[in-house]
Each structure stands twice: as structure tokens, then as C-alpha cells.
Amino acid sequence: MLGLTLKETARLLKEGKASAAEVCAACVSRAKQVQELNVFITETYDSAGQQAADSTLRHRQANRLHVLDGIPVTIKDAFSTAGVRTTCSSRILRDYVPPYNATMVQRLVDRGAVLLGKTNMDEFAMGCGSVDSLVGPVRNPWKYNFKARHEEPDSQPIRDSCHDLKATSMQMRTMHHHVNSTEDSDWFITGGSSGGSAVAVAAGICKAALGSDTGGSVRNPASYCGVVGLKPTYGLLSRHGLIPLVNSLDVPGIFTRCVDDTAIMLGALAGHDPKDSTTVSDPFQPFTLPEDIDITRLHVGIPKEYHSPHLSVETLNTWKRVADLLEDAGARVSQVSLPHTPYSIVCYSVLCATEVASNMARYDGLEFGHRGSDNSSTEALYAQTRHEGFNDVVRGRILAGNYFLLKRHYDHYFIQAQRIRRLIADDFRKVFESGVDILLTPTTLSPARSYRWFIEADNRTRTEQEDVFTQPVNLAGVPAVNVPVALSEEGLPIGLQLIGPSFQEKTMLTAAKWLEQHVNFPHLQLPDP
């Protein structure tokens, strides 16, 4: 049951061969089995059990709400959830309990999905490894030696199994999230910043998960964890209730085990939201992907700028092999150019920092979140609150953003970055207008790296390295999806990225499904709990 896809599980529920309560219980057992992976910040198992019981009753009465009715899902802890702590993995929001659901969460609830909990992430989604978290790093289940590790009880991250949480009565454990020994750092990162959601799907804890993607935060961990990760067109999914990092780049994303499941989730979540003015007003038509796919009319572009000198040999060979596979099947494969790609990292860094500086200004300790104890002056209270509440990564981006926004620097940095962003978007537009249907690129430079290697450099350096293939997509606002296609010699997933024109998710996902059918990726199989 744990190895089944969302689509297969929904079929069992509809046919009465399994109940939502049984599926939920199995997923909770798996979550407890792999608890040391540090997937959750807040677990909502009690309320999930009640949601599953309600779904079981609806199925027995033939009143299924949607194909998602009874399907276990997890939510990145950047999405607001009514009555459930939402921390963004930051001390400054450690006790914050929203009074409302994000639109993406509400749409899942309205369709009967079972919410298992809030998943771990980099603080305020600033990172590419899911290691800079209030509750400690998320660990990749691939090649993880569970039997050799034994965590002490007081080293567990804070969790609360109660769903109806109140800020005044929330009970939390003391956190010890530092890694003390060389032995304990001998595991692989998940990618980030949505690493908890990616691991939840990869390890069989849930059938689908929500993440957010600002510069690759869904596709990057999807690649490292061997799952499908979709970053939709900007404006297709509502950002209402998603705690912002960079408003002009943030997009809710989807993790699933297969491409068909991604299409199901997209159909349930996409569409105009009056609470988010950036969502498109045109109605979204859910679609089903065909089983027999003809790619003979498909034109696939290979961007020459993505041949990075830092690309691992295994990833490069996988990229070439898949391009040959497409061409041998009748698709037209040709080299294309996205000439402003080399400037995307610098452009992203400036725009990200400036919007972070603006967005983080709301966390002053006065209305919600952590509050310092220095009441000698308003300025002193602000300073202490933000120093205690934010980690070094967040504080660094705030400082950089305010520097870029100074009057004497505004034109040189912010305006120039906006101009470069337009050029990057134009590169994609011109390629797609030339007749190219999709682009095929690597998702990451290599398979997942070890935690020990990852922490040898700072957050900014790693982000610039690991997001080089994913950030341009966010700057252009076009859709992209990671498809797991192979295992490295070490047994770690290698993913490739398909990029499509705006609002052409169906074409892109159809190509992704064809690829999925022909590579037969071996998904992670863990022993039953």
C-alpha cells in the first residue's frame, strides 16, 4: 500500500479494497518508522485520523468528494494552516498559529485530502539543502543507514501531534539540531528548500505534498530524492496564505511519485483565486494524460548554456542519453541558445535580497511571532527581536537587500536586475516562439551530495552552485518539472528538467510521462513498518 501511487490508492479506495483509515494508519506508521529523517516540524496525526475516518464513511456511502478524498498529503511549513502552528522553520514564528488556511491547503481540505503534518524546510525557504532549519536538517532516505543510527530522546526536533493548537497552550520540546560527530554527518542532503515534502513522498509517508518554488525549491529536492516535482506557471496556483519569500518569484509546487499524480494534483489546485490578484482569471481545465503518447511531432530544445563545466559526468551522460532516447523515438532534438542564462544567478540574488528585505520588515515582534524582552526603546525591541528570531542567512539577505535599495544604489542594482530579468524571460519566449515545444536540461549539477560536503561552504555559495539550472525558470515565470530518470553508480537519483511555455503544463507533463514510461526509474523501496 505504501508503494502505490496516488492514482492507484484512489482506485483502491473507490473500489472498497482499502479504506482511507487503513491508508492513513499505514502512512503514519511509515512516518514513525523513518522519524530520524526529520521530515516534520508539526505532526497532525490525530486530526488526520479523524479526516480519514470521515473519508471512509463517505466512500462507504458512495459520496466521494474528489479523487483526492482520503489521500494522505503533507504541507510545507510555509503554508498557513488554520489552528496548526506555521513556523517557516524560524524561531520568529515558532509559536505562530494562523487563523486561516492558505488557498492551496483549503482546496485540499475541500476535496477530502488527509493532512498528515507540516514538513521541514530551510528557514523562510532560504536555502538549497533543507539544512538551515529551526529543528535541524532533513535527511535523504536514499542510501540512509537506518539500522546504524540511534538518536537520543532529547535530540528529537520539536513536534506536536495535536491539530487544534493554541499559541498559549502549545507544548514543545527542547531542540538540539546541531550535528556533533563526523559519523552523524555521513548522509546525503535532500536539496531545498522544500526537502521535508520531497522526503515525505520519496519515503512513502504520503502520496503527494505541497512545496514552494522561488528559485528551484521544489525541483531541486525532487531531483535529489527521486520524485516528480512541478513548478507551475506563475499565476496558475494561488499564493494566498503562502508566507512570502520573493513575491514576484514564489510559486506553490507539487511533489508526487509519478507524473499522472502531478496532473491530478494540479487539476485540484489550479485556478483563479480572488484572494490572490496575481492568479490568472481564465478558468483552468483539468486534464488527464494519455497512456499512448506520440512524440514524433515534439520539438525538444537543448540549451547550450546549460553545459556547465561543473556538471557531473554522470548527470551529463544521463542528459545525453535521454536526448538520444527522445530523438530515436522520433522527436526533433536541436540545440538552442538562452544567451542571458549566465547572468541569472546574479540577477536572482539581487531581486531575492531586495524583496526579502521588504517582506521581513513585518516581523518586528509587535503583532505576532517572537518578541524580544528589551523594552528600553522601540528600536532596541526591534533589534533584539530580529536578532534572536532570524538566523544568519535571513539576516544576511535583509542587510544585502536594504543595501541594494538605498537611493544611491537603486538604479545600479535593483533596476539593472529587473532589466536582466526581462532579457532572460525574452530568451525563453523567443525559443518557444521559434517552434520549440519543451526544453530538456539537468535539474542539478550532480546527484545528492553528502551533508559533510555541503556544510563546508556557506548558504549563499551552495545556492549559487545548486540552483544554476532552476533559477532562470522562476525569473521567466514559465513552468518546469523534474523527472527522475536514473540512479548514479552510488545508487542516488538523477533527475532531468523539462521546461515548457507559459500555461502549457499539459504538453510538458505529457512529455514528462512519456519519459517516465521509457526510463522505468526504480523508486525507493523501504521495508514495511
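Computed over heavy atoms, backbone and side chain alike; hydrogens, waters and symmetry mates excluded. Predicted model only: the values in this text are computed from it and were never measured.
For R395, the CZ atom is densely surrounded, since the number of other residues' heavy atoms within 6.0 Å is greater than 12. Within a 6.0 Å sphere centred on NE2 of H412, other residues, nucleotides and ligands contribute 12 heavy atoms or fewer. Within 6.0 Å of CD in E367 there are 12 or fewer heavy atoms belonging to other residues, nucleotides or ligands. The environment of OH in Y343 is sparse: at most 12 heavy-atom neighbours from other residues, nucleotides or ligands sit within 6.0 Å.
Looking at heavy atoms from C-beta onward, P447 lies out of side-chain contact with F188 at the 4.5 angstrom threshold. Considering only heavy atoms from C-beta on, N247 comes within 4.5 Å of E355 through its side chain. Within the 4.5 Å cutoff, the side chain of P252 has heavy atoms near those of the R239 side chain. Under the 4.5 Å side-chain criterion, counting only non-hydrogen atoms from C-beta, L93 is in contact with F368. The shortest distance between side-chain heavy atoms of Y348 and L249 falls below 4.5 Å. Between L108 and L210, some side-chain heavy-atom pair lies under the 4.5 Å cut-off. Using a 4.5 Å heavy-atom threshold, the side chains of S248 and R421 count as touching. F40 places none of its side-chain heavy atoms less than 4.5 Å from the side chain of V135.
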Decide yes or no on side-chain contact (heavy atoms from CB on, under 4.5 Å) for V356 and I398, but give the supporting numbers first. CA-CA 6 Å; V356 163; I398 292 172; 4.1 Å; yes

May I have the step-by-step check of side-chain contact (heavy atoms from CB on, under 4.5 Å) for C347 and L475, ending in yes or no? CA-CA 9 Å; C347 175; L475 293 170; 4.2 Å; yes

Under the criterion side chain to side chain donor-acceptor pair (under 3.5 Å), I'd like the reasoning laid out for H310 against Q465: C-alpha separation, chi angles, the key distance, then a yes or no. CA-CA 9 Å; H310 304 292; Q465 292 171 338; over 6 Å; no

Please test E466 against T444 for side chain to side chain donor-acceptor pair (under 3.5 Å), starting from the C-alpha separation and ending with a verdict. CA-CA 6 Å; E466 301 302 315; T444 55; 5.6 Å; no

Starting from the C-alpha separation in whole Å, work towards a yes-or-no answer on side-chain contact (heavy atoms from CB on, under 4.5 Å) for L406 and Y413. CA-CA 10 Å; L406 289 173; Y413 290 101; over 6 Å; no

With side-chain contact (heavy atoms from CB on, under 4.5 Å) as the criterion, how do R397 and F124 come out once you've worked through the C-alpha distance, each side chain's angles and the decisive distance to 0.1 Å? CA-CA 11 Å; R397 293 203 193 185; F124 280 104; over 6 Å; no

Does the side chain to side chain donor-acceptor pair (under 3.5 Å) test come out yes or no for T81 and T86, once each step is laid out? CA-CA 7 Å; T81 42; T86 300; 3.1 Å; yes

S217 and S194: CA distance, side-chain angles, deciding distance, side chain to side chain donor-acceptor pair (under 3.5 Å) verdict: CA-CA 6 Å; S217 290; S194 308; 5.2 Å; no

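Counting only distance, with no hydrogens or angles, the side chain of Q497 and the backbone of R219 share no donor-acceptor pair below 3.5 Å. In this structure, the side chain of T354 engages the main chain of V350 through a donor-acceptor pair within 3.5 Å. A donor-acceptor pair is defined here as one N or O able to donate and one able to accept, closer than 3.5 Å; such a pair exists between the side chain of S344 and the backbone of T341. For the pair D364 (side chain) and Y382 (backbone), a donor-acceptor distance under 3.5 Å is absent. Checking side-chain atoms of H409 against main-chain N and O of Y403 turns up a donor-acceptor pair under 3.5 Å. Between the side chain of T256 and the backbone N or O of A208, no donor-acceptor pair lies under 3.5 Å. Listed for the D250 side chain is no donor-acceptor partner under 3.5 Å among the backbone atoms of T214. Side-chain N or O atoms of E123 include one that pairs as donor or acceptor with a backbone N or O of N391 at under 3.5 Å. S337 places no side-chain N or O within 3.5 Å of a backbone atom of K304 that could act as its donor or acceptor partner. Panel note: side chain D213, backbone V218; a donor-acceptor pair is recorded below 3.5 Å.
No side-chain donor from either of H240 and D273 sits under 3.5 Å from a side-chain acceptor of the other.
The CG atom of L492 sits 8.5 Å away from atom CD of E314, with the distance rounded to the nearest 0.5 Å. A distance of 5.5 Å separates CD1 of I254 from CE of M265, quoted to the nearest 0.5 Å. Interatomic distance, CZ of F454 versus OG1 of T461, reported as 10.0 Å (0.5 Å rounding). Taken to the nearest 0.5 Å, the CG atom of D122 stands 10.5 Å off from the CG atom of L245. Going from atom CG of N38 over to atom OG1 of T119 covers 11.0 Å, rounded to the nearest 0.5 Å. Atoms OG and OH, on S80 and Y100 in that order, are 3.5 Å from each other to the nearest 0.5 Å.
The side chain to side chain contact (heavy atoms under 4.5 Å, CB included) with K118 is formed by just one residue from the set V39, V105, D77; it is D77. Shown are S193, S89, S197; of these, the side chain to side chain donor-acceptor pair (under 3.5 Å) with K76 is made only by S193. A side chain to side chain contact (heavy atoms under 4.5 Å, CB included) with P442 holds for exactly one of T315, T470, T318; it is T315.
Taking the six-membered ring for Trp and the full ring otherwise, the centers of Y451 and W187 sit less than 6.0 Å from each other. Ring centroid separation for the pair Y363 and Y96 does not come in under the 6.0 Å cut-off.
Between R321 and D324 there is no salt bridge, since no side-chain nitrogen of the basic residue lies less than 4.0 Å from a carboxylate oxygen of the acidic one. Remark: R460 engages E464 in a salt bridge, criterion side-chain N to carboxylate O under 4.0 Å.
Scanning all heavy atoms of the two residues, the minimum distance from N140 to Y224 falls at ND2-O, 3.0 Å. A476 and F428 get closest at one heavy-atom pair: CB-CD1, 3.5 Å. Here the closest heavy-atom approach between residue I438 and residue M508 is recorded as CG2-CA, 4.2 Å. Taking every heavy atom of both residues into account, R462 and W453 meet most closely at NH2-O, 2.7 Å. The shortest non-hydrogen separation linking T74 to C206 is OG1-SG, 3.5 Å. The two atoms that bring V336 and E305 nearest to each other are O-OE1, 4.1 Å, heavy atoms only.
Ring planes of H523 and F521: perpendicular class, angle over 60° (limits at 30 and 60°).
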